[in-house]
Amino acid sequence: MILPTKHTNLSESLLGLSGYLLTFLKAQPCSIDALWERLEEDRANGSLLYRNHTFDNVVLAIDLLYLIGKVSIDTTGKIALT
């Protein structure tokens with residue numbers, strides 16, 4: 001689900017995951033692999049996300065952020081806030 005609904009929590013939606021990934025990108029630009037590793041570390045340490053998102057969901061969340069103009073991707077594959 002892209003947006004939360006009556007039966008879908010914010011943490012289960014791509015919108016919630018996108019916001020969570022933005023917190024990682026505030027510190028420094030990084031690759032999608034680095035974002036995935038940080039998400040996995042947070043999940044192992046008991047993060048705020050209640051759902052175990054797949055790598056596909058992370059890619060879709062980055063796509064969503066790119067489409068709304070919140071991130072840019074340079075030629076080396078680093079994702080940065082715009």
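- Residue pairs meeting the ring pair (Phe, Tyr, Trp, His ring centres under 6.0 Å) criterion with at least one member in residues 61-82: none, sequence neighbours excluded.
- With contacts defined as side-chain heavy-atom distances shorter than 4.5 Å, the pair D33/F55 qualifies.
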For residues 23-30, dump all side-chain donor-acceptor pairs below 3.5 Å to protein atoms at least two apart in sequence or in another chain.
{"from": "T23", "atom 1": "OG1", "to": "Y20", "atom 2": "O", "distance (Å)": "2.4"}

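- Note: L64 CG to N57 CG = 11.5 Å, rounded to the nearest 0.5 Å.
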Inset, instruction - Check the pair E40 / R43 against salt bridge (charged side-chain N to carboxylate O under 4.0 Å, His left out), numbers first and verdict last. - result: CA-CA 5 Å; E40 288 292 307; R43 185 180 304 150; 2.6 Å; yes

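- Using a 4.5 Å cut-off on side-chain heavy atoms (C-beta onward), L39 and L17 make contact.
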Side chains of residues 74-82: which donor-acceptor partners sit under 3.5 Å, not counting sequence neighbours?
{"from": "D74", "atom 1": "OD1", "to": "T76", "atom 2": "N", "distance (Å)": "3.1"}
{"from": "D74", "atom 1": "OD1", "to": "T76", "atom 2": "OG1", "distance (Å)": "2.8"}
{"from": "D74", "atom 1": "OD1", "to": "G77", "atom 2": "N", "distance (Å)": "3.1"}
{"from": "D74", "atom 1": "OD1", "to": "K78", "atom 2": "N", "distance (Å)": "2.8"}
{"from": "D74", "atom 1": "OD2", "to": "T76", "atom 2": "OG1", "distance (Å)": "3.2"}
{"from": "T82", "atom 1": "OG1", "to": "G69", "atom 2": "O", "distance (Å)": "2.6"}
{"from": "T82", "atom 1": "OG1", "to": "K70", "atom 2": "O", "distance (Å)": "3.3"}

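- Separation of atoms CG (L22) and CG (L65) is listed at 4.5 Å; rounding is to 0.5 Å.
- The hydrophobic clustering, which links ILVMFWY residues whose side-chain heavy atoms are closer than 4.5 Å, places V71 and I68 together.
- Applying the salt bridge (Lys or Arg N to Asp or Glu O under 4.0 Å) criterion to E37, with sequence neighbours excluded, gives no partner residue.
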